[in-house]
2 protein chains.
Amino acid sequence: MTMAEVARAAGVSVMTVSYAYGQPGRVSDEARARVREAAERLGYPGPHPGARSLRRGRTGNLGVVLGEHLTYAFDDPQASRFLAGVAQVCADHGMALTLVPVTGGPSDVDRVTAAAVDAFVVWTTADDDPVIDAIAATGLPATVHGGPRRDDLAFVAVDDRAAARAAGIEVFAGARHPAVLSFPLDRARISSVSFGAPSNAGVTAHSGTSNVGVAPSDTVTTEAGPARATAGIDPEASTFRVTRQRLRGFRDAWAEAGGDWSQVRVAVCSTNSAREAEALAAELLTGPHACDAVAAMSDELALGTLRAAARLGLSVPGDLTLSGWDDTDAAAPAGLTTIAQSLRDQGARCARTALGHPAPGDRDTEVAWRLVRRVSTRRP
Amino acid sequence: MTMAEVARAAGVSVMTVSYAYGQPGRVSDEARARVREAAERLGYPGPHPGARSLRRGRTGNLGVVLGEHLTYAFDDPQASRFLAGVAQVCADHGMALTLVPVTGGPSDVDRVTAAAVDAFVVWTTADDDPVIDAIAATGLPATVHGGPRRDDLAFVAVDDRAAARAAGIEVFAGARHPAVLSFPLDRARISSVSFGAPSNAGVTAHSGTSNVGVAPSDTVTTEAGPARATAGIDPEASTFRVTRQRLRGFRDAWAEAGGDWSQVRVAVCSTNSAREAEALAAELLTGPHACDAVAAMSDELALGTLRAAARLGLSVPGDLTLSGWDDTDAAAPAGLTTIAQSLRDQGARCARTALGHPAPGDRDTEVAWRLVRRVSTRRP
DNA sequence: CTGTTAGCGCGTTCAG
DNA sequence: CTGAACGCGCTAACAG
């Protein structure tokens, strides 16, 4: 069923049919009626989208790439909020939103280059993710959220280091045994509990070190994983820009309190889930190195920590101060001190930028964040 | 930057380049190396996805259409779980997931026909939604979740009527003033509070009727809205199959308890949100017709009801019995009696069916659900 | 307002 | 293993 057949049946030229669909005003009422009638009769579903976009040079699709398995788009609350903002802008412009099927394997590069889209939005991935090169190589407009930051791609993110410093100052105030509950450090996504380590440190032995989880089976587990777990956490070694900047910011805050990074215990979650956080937090909050302050990289992780504290009979902020990140709906009821930012707005901004429709402040204005003080920390 | 240019630069024919990408095994190592080198040098990003799919006759995209604004995909927890299942299957098959930009306006039909996809999955929409005809007209494989049910499209849904009956029997046991907290009745999505009405009833005046919300501005508000609000709720009049079947099921349950549908108060939410539910529930739980049993169509709505009850100082199940739907993570902690079903599995099933890769039981097995009894209802 | 021409970039033929 | 022709289905650009 092609346009030519409809044209023949309607007794008009192919271009008249094309116009009848694409620019109806350019065709006489009569011709349009005949075309519609013939199309109806033949069951012609309208111009073939693929052929049309080949000819026009645009697809009407905005591609979204996650540095994660595709299901993350709907499973992770942060990604979800971000994508809601992207979706809003897509709907405004009549663009479809195409989630490119990333699985973590090497074929992801091919899938990205095979995506028929007009622009890309990239949700946080690792600096060494080959997918990011593939995207840059397409030459299509692309905006990266969170990281990595590159000269050839647009970039949107809050100043994570400054925000982490602000949260750290708050949560570490008066603390003696601070801890950080962190996102994964790199693509191996190995969870661990250890102490901070200076960037130029060699292997520092810590008896408290342990591996709690394992990397997903389809992920390449590098030798760096276990090694790092015994070496302590070096912020500079993280290949996720967001994680790196937040670790730096927490380190800054503790340094300002006169402390040393090697005193800070760092638990790394392999996923952004309260469940996993609860298990890791239980480890942070018990034993000879039990912590009295936890700076978490998301509200989900902080909520898991709250649950662990409750189970251990620890009071907040009496025995433990705690901060989260994002100011999600659950943060206020839980009394959680947190960093407020709108991932939804940031998603919208990424989409606008990628589609070439920036709003007035999109290019220049910094992305907004603010510290929200609640009862999980002590300062007034 | 086309394939022909790469071929010229590499000193081979265009087809050699094509094979080098599409069927590398069919090309000599040397030719492949020269092609890769030339491509690298010229910055050729690989075969143009659009041209490739035009030629091949497949796009590698699974289209998803929601009977809602695009942001619903990420904002509504039920849609989100469903789509996580769809995404899982897409990732398994290396297919991209394209969310077709639906806004509720008349242009939605064009957007659907303009979608370059190999198959469609449709998330619950109204029987009279023109989008569903457009999808059928494309002739592409399509699977509808929830409704409408059509002979020409595959269909996946639980037996909502039977499940609602089961929940209703549970929650209405011993009740004197039952109520239903419902999803929207039709595309106008007007929220209201009124009583049930028999299907063949004329206009039944109810002084308790009120409009709580209004339809979104981009939605056509038909005259049926306000009129229906004063006429009482007739299950048969709902154009959303899921809503209709659940209303029928709740009616069945109350009838089995010897009651009449016109005694059942029905509050209709315009969205699936605890916030709106809280306001409507407050209305159900107060005044001369105060209810003592609420069957909600989702856990979100039930949780909103719980909040309203708490604020009014009502005890559950003492003063009020309550049931939800879906058995979400929040249901167990809240002690909510609910209908358990896996929207994630259903999403996966829809995707498999649409893509023509059904799993062993997909075609025949009924979709699973079960009643989960908790403390929000009274029976042992 | 309608028709003609000339491809968009690629991949499936089928020879060689 | 490689090359030449043809067309996937449509539309920009121009006549007429």
Side-chain angles (χ1 to χ4, degrees), chain A residues 1-39 42-61 110 113-118 137-140, chain B residues 1-39 42-61 110 113-118 137-140:
Chain A
M1 195 39 3
T2 135
M3 209 174 237
E5 301 177 51
V6 176
R8 201 174 322 117
V12 297
S13 84
V14 180
M15 276 321 293
T16 302
V17 179
S18 177
Y19 288 142
Y21 282 96
Q23 307 168 47
R26 215 170 137 170
V27 152
S28 71
D29 288 358
E30 192 213 322
R32 198 176 335 120
R34 282 169 60 186
V35 169
R36 293 286 179 188
E37 182 278 323
L42 299 177
Y44 176 69
H48 181 114
R52 169 178 261 180
S53 73
L54 175 59
R55 191 59 246 235
R56 295 224 250 231
R58 60 178 294 278
T59 65
N61 282 163
D110 297 330
T113 53
V117 302
D118 297 326
T138 64
L140 294 171
Chain B
M1 196 39 0
T2 138
M3 209 174 236
E5 302 177 52
V6 176
R8 202 175 320 120
V12 298
S13 85
V14 180
M15 276 325 293
T16 303
V17 179
S18 177
Y19 287 142
Y21 282 94
Q23 307 169 48
R26 211 169 143 173
V27 151
S28 70
D29 287 359
E30 192 213 324
R32 195 171 344 115
R34 283 168 61 187
V35 168
R36 292 286 178 188
E37 183 276 322
L42 299 177
Y44 176 69
H48 180 112
R52 170 178 259 180
S53 76
L54 175 60
R55 193 58 248 232
R56 297 224 249 231
R58 61 179 293 277
T59 65
N61 283 162
D110 297 330
T113 53
V117 302
D118 297 326
T138 64
L140 294 171

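Every heavy atom of this structure was used, including side-chain atoms; hydrogens, water molecules and symmetry mates were not. Below, read A as the first sequence line, B as the second, and so on, with proteins coming before strands; counting in each chain starts at 1.
- Every side chain to side chain donor-acceptor pair (under 3.5 Å) that A:Arg34 has, sequence neighbours left out, goes to A:Glu30.
- Residues in residues 49-59 of chain A take part in no salt bridge (charged side-chain N to carboxylate O under 4.0 Å, His left out) pair, two or more places apart or across chains.
- With sequence neighbours left out, the salt bridge (charged side-chain N to carboxylate O under 4.0 Å, His left out) criterion links B:Glu5 to no other residue.
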Quick one: side chains of residues 9-16 of chain A, donor-acceptor pairs under 3.5 Å with protein atoms, not counting sequence neighbours, listed by atom name and distance.
residue : atom : partner : partner atom : Å
A:Ser13 : OG   : A:Met15 : N            : 3.3
A:Ser13 : OG   : A:Thr16 : N            : 3.4
A:Ser13 : OG   : A:Thr16 : OG1          : 3.4

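- The phosphate of D:dC1 (OP1 or OP2) has no side-chain N or O of B:Thr16 nearer than 4.0 angstrom.
- Annotation: side chain to side chain donor-acceptor pair (under 3.5 Å) contacts of A:Ser53 (sequence neighbours excluded): none.
- Here salt bridge (charged side-chain N to carboxylate O under 4.0 Å, His left out) pairs that include residues 6-29 of chain B, with residues two or more places apart or in two chains, are B:Asp29-B:Arg32.
- With rounding to whole Å, B:Arg34 atom CZ is found 14 Å from D:dG3 atom C1'.
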| note | In B/S/- notation (B base, S sugar-phosphate only, - none; protein heavy atoms under 4.0 Å), nucleotides 10-16 of chain C written 5' to 3' is BBBB---
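- Between B:Asp29 atom CG and D:dT2 atom P the separation is 10 Å, expressed in whole Å.
- Taking 4.5 Å as the limit, every side-chain heavy atom of B:Leu140 sits out of range of all side-chain heavy atoms of B:Asp118.
- Comparing atom distances between the A:Leu54 side chain and each of C:dT2, D:dG3, C:dG9 picks out C:dG9 as nearest.
- OP1 or OP2 of C:dT4 has not a single side-chain nitrogen or oxygen of A:Ser13 nearer than 4.0 Å.
- In this view, A:Tyr21 and A:Tyr44 satisfy the ring-ring contact (aromatic ring centres under 6.0 Å, His included) rule, not counting sequence neighbours.
- Helical stems in DNA chain C, defined as runs of 3 or more consecutive Watson-Crick or G-U wobble pairs with both donor-acceptor distances under 3.5 Å, are listed by first residue as C:1-16 with D:1-16.
- Between the P atom of C:dC1 and the CZ atom of A:Arg32 lies a distance of 9 Å, rounded to the nearest Å.
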